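Report on the following structure.
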Amino acid sequence: MTAILQVKGLSAWYGQSRALFDLDLNIEQGGVTALLGANGAGKTTSLRAICNMVRRTGTTTMDGTDISRRTTEDIVRLGVAHVPEGRGTFVALTVEENLRLAFHIRRDRKAAERDMEKVFAYFPRLKERIHQQAGTLSGGEQQMLAVARALMLAPRLMLLDEPSFGLAPLIVQEIFRILRRINEDEKVSMLIVEQNAALALELADHVYLLETGKVVMSGPSDMVKNDETLRKAYLGY
Amino acid sequence: MEFFIQQIVAGLTNGAIYACVALGLVMIYVSTDHINFAQGEMAMFATFLAWAMIDAGVPYWVAFGLTIMVAFFGGLFIQRVILKPLENAPVLALVVCFIALLSIFNAIAGMIWSFTIKQFPSPFPSRDLFGNGLVSAQQLGVVAVTLVMLGLLTVFFRYTTLGLAMRAAAQNASSARLMGVRVSWMLALGWGLASGIGAIAGMLVAPIVFLDPNMMAGILVYGFAGALVGGIANPLGAVAGGFIVGVLENLVGSYIIGNELKLSFALVMVIGVLLLKPAGLFGRVIVRRV
Ligand SMILES: Nc1ncnc2c1ncn2[C@@H]1O[C@H](COP(=O)(O)OP(=O)(O)OP(=O)(O)O)[C@@H](O)[C@H]1O
Ligand SMILES: [Mg+2]
């Protein structure tokens, strides 16, 4: 398998305090990779470092292109869609405007219009609320909107930061079903950060485990799923 | 009664100009949280450029269009070259920077064109429109130009993806970056637009108050009052605020306190509104679920 994103020696800082220590990650083309770990382990920081949203060192390579020094906007334009912690909703824009924002960077208008239809097929609830102010959507709907916005960028890699956060189990299942379809049908590779390890292991084929800013374990998700001692030691179930 | 209507019309005319200034202030405020104290002097400087062009024989409307363009790129340039390096500077440093810009523009205009007042032509005749002494073509022209500009801006922000990107960047910069929006360019664009709008205000007001380097000082206070009365974070509110300030200022000035105290009245109005409704009369509260 080839990697769509290669991360080597990634470190990150908030002011003087260091949050990541020489992370090495391989995100496989077409696959789903999960990044697990306790609160404060550095999961969010890893995603933000990949997108150059924090001060960082180390190299990140996307399809052989070095993106270590690109701006966040450029990295997005290269096909990385980041669904951020907290969903990043544009609260005063309508649902439609949240999605149409992607037209700003898309040159292929026709394809973008088709993607809009596709997004509404994945998330019919958003279509029902198309003219609603996005700040008035429920938490689950805002999470759907965040994924939908990312999808509108026609990305090749999606970075998802705890898409299950604060949502009822039924909604979580719905969102994860859609993520699986996006991965399989749209061939979008994914790096997903989750608290809910069991859920992430279902979706992912490869897992990295993070503890205080370091990778402490990695392997195929089947291996982790079936190894009770590993699970008990690192994931607590 | 006739006098009353005349005062309202005159108020609306002034109000249109205040609305432009207020809109320029809001345009920068919503995207950067800064109040551009140099807004008035930038407008004054642009108006001098227009004057110089017209003086050199350029037709009025050509000079009008060129001036807006020059002001637009000037605003863009100021943001990129002077303000962008100060992105992470403390607010006080920025305030000093704005005040420096203000005095620099004022001084340069004085140096080039001197501080003596100049007559600035109006494209509209001052003749009475309906033969009843109520509305002059000049007044109608000022309001019409303002409304056309507002219409164009509304279309731009509502119906173009660039306008949408600017709104998104102003609302949530980090999220906008994650949608690929080059936020710092959007701020520069905002500065360009604000500067262009200011130039329009300057060119509209110059025939009324005469052109000199201190022309905009009072106007900026009224514009500021308009923005605060209407809601400093709300473009449409600021425009409405500009018109409200214009009309009230005129009525109160001619019926109650006299012309000398008009400017103080504008400030009293600001304080009054801020005490009762801190977000301004039309300060929009964004409905939001957490
Ligand atoms: N803006 C910040 N300023 C300073 N320190 C920060 C900041 N954001 C995160 N940190 C610190 O960096 C470390 C990693 O945080 P991060 O948000 O990456 O954790 P996480 O794994 O995403 O946790 P969670 O599961 O709670 O979201 C933590 O110790 C945190 O306190
Ligand atoms: Mg996190």
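Keep in mind it's a predicted model, so treat the numbers as computed, not measured. Throughout, protein chains are lettered first and strands after them, A, B, ... in sequence-line order, and every chain is numbered starting at 1.
A:F165 CZ: 12 or fewer foreign heavy atoms inside a 6.0 Å radius. The 12-atom threshold is exceeded at CZ of B:F156, counting heavy atoms of other residues, nucleotides or ligands nearer than 6.0 Å. At most 12 heavy atoms of other shown residues, nucleotides or ligands fall within 6.0 angstrom of atom CG in B:L92. Annotation: B:F73, atom CZ; neighbour count of heavy atoms from other residues, nucleotides and ligands within 6.0 Å does not exceed 12. Within a 6.0 Å radius of OH in A:Y14, more than 12 heavy atoms belonging to other residues, nucleotides or ligands are found. Within 6.0 Å of CZ in A:R18 there are more than 12 heavy atoms belonging to other residues, nucleotides or ligands.
Across A:L93, A:I105, A:T71, the residue that shares the most heavy-atom pairs under 4.5 angstrom with chain B is A:L93.
Expressed to the nearest 0.5 Å, how far CZ of A:R87 lies from CG of B:N172 amounts to 14.0 Å. For the atom pair OG of B:S184 and CD of A:E73, the computed distance is 7.0 Å after rounding to the nearest 0.5 Å.
The two residues B:L178 and A:L153 come nearest to each other via the heavy atoms O-CD1, 3.7 Å. Residues B:T161 and A:R100 approach most closely at CG2-O, 4.2 Å, considering heavy atoms. Contact record, B:Q171 with A:V91: OE1-N, 3.3 Å, taken as the closest heavy-atom pair. The minimum heavy-atom distance between B:S175 and A:G88, with the atom names listed, is OG-O, 2.5 Å. Between B:G180 and A:V76, the closest heavy-atom pair is N-CG1, 3.6 Å. The heavy-atom pair separating A:N98 from B:M179 by the smallest distance is O-CE, 4.2 Å.
Proximity to chain B involves both the backbone and the side chain of A:L101, based on heavy atoms less than 4.5 angstrom apart. Contacts between A:M53 and chain B at a heavy-atom distance below 4.5 Å involve the side chain alone, from C-beta outward.
At least one side-chain heavy atom of A:E97 sits under 4.5 Å from a side-chain heavy atom of B:R167. Two residues are said to be in side-chain contact when any heavy atoms from C-beta on lie closer than 4.5 Å; B:V181 and A:H104 meet this criterion. A heavy-atom distance below 4.5 Å is found between the side chains of A:R77 and B:R182.
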